Number of protein chains: 2
Amino acid sequence: MKSRRMFWRIVDEIEALIDNGNFAVGSRLPPERELAEKFDVSRPTIREAIIALEVREKVEVKTGSGVYVLEGALKGAKQPVVNAFELTQARALVEGEVAALAAVSITDDELTRLHDTLVMMQERGDTEEADRLFHSIIAGATRNGAMILSVSQLWSLRESTAAIIDDYASVCSKDSHLTLEEHTAIYNALKARNPAEARVAMHNHFNRLINTLFDATEARALEEIRRKNNEKRGLYSITNLVKHTAQ
Amino acid sequence: MKSRRMFWRIVDEIEALIDNGNFAVGSRLPPERELAEKFDVSRPTIREAIIALEVREKVEVKTGSGVYVLEGALKGAKQPVVNAFELTQARALVEGEVAALAAVSITDDELTRLHDTLVMMQERGDTEEADRLFHSIIAGATRNGAMILSVSQLWSLRESTAAIIDDYASVCSKDSHLTLEEHTAIYNALKARNPAEARVAMHNHFNRLINTLFDATEARALEEIRRKNNEKRGLYSITNLVKHTAQ
DNA sequence: GCCAGATATTGGTAATACATCTTGGTTGAC
DNA sequence: GTCAACCAAGATGTATTACCAATATCTGGC
């Protein structure tokens, strides 16, 4: 990617310097003219980089004074630390209440669209998209903007962290028939306009997910131990030793 | 604030034009030079504005081709429509589960800090800050980053919309003794490590808030009707008519 | 249909003038 | 003598103009 513009390179470098501690939080950055010389670019380019940092709320520029590193500019501090278990637990609790709420206010049209997602999952096997739609429709059925927002935020959290993506990937793809069963149970509870039943069905859905997640993590941890043991075994094995010395 | 830099004004204007539909999503913006002339600023200033929009992911710049309005350009402008009732309902449900979760994992230290907020509210009358701390400590006690995030997001939603701020202001300041009572009930449930009781106590807290909110809104609506009637009354009253014609 | 050149558009730099803030010294009152 | 207010100079960001380079897109000839 040679097409990336100059100022973005500068943005990256300055951010790195901030994260590195070279530019302390609260301190003043070197003046534009100095940075221009340091990075070997023109002043307008430095200005553009600073504007980008300003839009990202990493720095604050005070006219006539200088540009200052803002609180919370540090990369690590910004994103919350959430693992897959926490996320799933949160979704279970929030979406449980969402389902209960939706059970009393869901429309026939929404029930139809909900049923469509079940068909989509079963016949076309488009599990991922059908799942997203399913939960989204239920959230919408609450008629509560704040709850819709919470659900969508938790959903986006799912894609924010690399570790969570990995964990989910190993779980979601398989066991899609279980997902379908549970979704069907939730749908039936909503169709019956039964809040308590909808809540329980939703809880069951996520409980199973947590357990699968736990098994997967356990299996992976076991695999990790085995791998490390193999490394050690290789390190200490006689055959290996012979091979190496034989060369 | 006249100190606001040029390019921010341009950013606002271009965003307005996009939201207005003057610049369709996916279409190309006029060339920099044209925009510079149109907004009566120099080309670098336009460039800065475009960079700000680019960092915000509203537009995409293609070298040698032009700058294009991105898909999600409209989404950023529209903020979620949430009224005070929805928000309070959402908080009741989410924080109810939060309280239940916290009841099983809260530490003695957190209980002490929680008790401090009760004292703060009672003695120093610092209701607002004590309230914020109270709910924040409980969220933290869940040890669940996703739940903490949801709670803090709902809290920030409270200050995002003018209408909600007004509604809350008319409710929160008075009835602080009721708030204190309810907070104490929640505290006791947490201290007893009783999830179900904690959930109910939290629900009670927000239920009362919703009712108060409802009364306040009703009262305000009544006041509004009265005011309008008075206007009409003034308009049609004989005495008023006499006064005017007498002049 | 394809390729090469023309044209349009953004990318980047340099030089310059100006506005604003900070700093430090000076002045004046007490 | 001390302290505050004021002022001036330097530092720093703000903004403009002018210019050329790099890239993408269009156009016309083949």
Side-chain angles (χ1 to χ4, degrees), chain A residues 1-18 22-73, chain B residues 1-18 22-73:
Chain A
M1 262 246 233
K2 202 180 141 198
S3 64
R4 220 161 79 105
R5 277 174 295 173
M6 278 276 183
F7 82 88
W8 255 333
R9 183 173 63 84
I10 309 297
V11 167
D12 288 342
E13 294 204 30
I14 293 179
E15 275 187 341
L17 285 169
I18 290 173
N22 294 50
F23 296 151
V25 174
S27 73
R28 206 197 67 190
L29 255 53
E32 282 184 357
R33 292 163 174 85
E34 220 169 287
L35 289 171
E37 197 179 350
K38 182 173 179 177
F39 292 122
D40 200 38
V41 293
S42 70
R43 274 189 68 203
T45 305
I46 293 291
R47 268 177 68 78
E48 290 171 351
I50 288 173
I51 283 168
L53 287 168
E54 192 184 3
V55 173
R56 285 188 181 179
E57 296 184 338
K58 298 291 185 77
V59 300
E60 180 190 9
V61 2
K62 289 185 178 175
T63 308
S65 168
V67 5
Y68 297 83
V69 180
L70 229 44
E71 205 89 19
Chain B
M1 265 250 231
K2 201 184 153 201
S3 65
R4 222 160 80 103
R5 278 175 296 171
M6 282 270 187
F7 83 88
W8 283 119
R9 183 173 64 83
I10 309 298
V11 167
D12 288 343
E13 294 204 30
I14 293 179
E15 275 187 341
L17 284 169
I18 290 173
N22 295 49
F23 296 151
V25 174
S27 74
R28 207 197 66 188
L29 255 53
E32 285 182 355
R33 283 162 178 87
E34 222 169 283
L35 288 170
E37 197 180 350
K38 182 172 179 177
F39 293 122
D40 200 37
V41 292
S42 71
R43 208 165 71 92
T45 304
I46 294 292
R47 275 173 63 86
E48 290 169 353
I50 288 173
I51 282 167
L53 288 167
E54 193 181 3
V55 173
R56 286 189 180 178
E57 297 184 337
K58 299 290 186 76
V59 300
E60 182 189 7
V61 177
K62 287 187 176 174
T63 306
S65 169
V67 359
Y68 296 83
V69 181
L70 270 168
E71 202 76 24

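Throughout, protein chains are lettered first and strands after them, A, B, ... in sequence-line order, and every chain is numbered starting at 1. This structure is a prediction, so every number in the text was calculated from the model and none was measured.
Note on A:E32: a base of the nucleic acid sits closer than 4.0 angstrom, heavy atoms only.
When each of A:E48 and A:Y68 is assigned the nucleotide of DNA chain C with its nearest heavy atom, A:E48 is the one assigned upstream, toward the 5' end. Comparing A:R33 and A:M6 against DNA chain C, the residue whose closest nucleotide sits nearer the 5' end is A:M6.
The side chain of A:V67 has D:dG13 as its nearest neighbour among D:dG13, C:dT9, C:dG12. Each of C:dT9, C:dG11, D:dT14 was ranked by its minimum atom distance to the side chain of A:R47; first place goes to D:dT14. The side chain of A:V61 lies closest to D:dT14, out of D:dT14, C:dG11, C:dC21.
Protein atom NZ of A:K62 is 17 Å distant from nucleotide atom C1' of C:dA19, rounded to whole Å. If you take CD1 of A:I50 and C1' of D:dA15, they are 15 Å apart, rounded to a whole angstrom. In this structure, the CD1 atom of B:I51 is 14 Å from the P atom of D:dA15, given to the nearest Å. Atom CD in B:E54 sits about 8 Å away from atom P in C:dG11, given to the nearest Å. Between the P atom of C:dG12 and the CD1 atom of A:I46 lies a distance of 12 Å, rounded to the nearest Å. Spacing between atom CZ of A:R28 and atom P of D:dA11 amounts to 11 Å, rounded to whole angstrom units. Going from atom CD of A:E34 over to atom P of D:dT12 covers 7 Å, rounded to whole Å.
To the nearest 0.5 Å, atom CD1 of residue A:I14 and atom CD1 of residue A:I50 are 5.5 Å apart. With rounding to the nearest 0.5 Å, the separation of CD1 in A:I46 from CZ in A:R33 is 12.0 Å. Remark: A:E54 CD to B:E48 CD distance equals 10.0 Å, nearest 0.5 Å. From A:R28, atom CZ reaches atom NZ of A:K62 across 11.5 Å, with rounding to the nearest 0.5 Å.
The stretch residues 35-45 of chain B participates, sequence neighbours left out, in these salt bridge (charged side-chain N to carboxylate O under 4.0 Å, His left out) pairs: B:E32-B:R43. Applying the salt bridge (charged side-chain N to carboxylate O under 4.0 Å, His left out) test to every pair with at least one member in residues 6-15 of chain B, sequence neighbours left out, gives these pairs: B:R4-B:D12, B:R9-B:E13, B:E15-B:R56, B:E15-B:K58.
Near DNA chain C, meaning a heavy atom under 4.0 Å from it, residues 36-45 of chain B has B:R43 in order of number.
Residue B:T63 places none of its side-chain N or O atoms closer than 4.0 Å to OP1 or OP2 of D:dA24.
The two residues B:A52 and B:V11 have their closest heavy-atom pair at CB-CG2, 3.7 Å.
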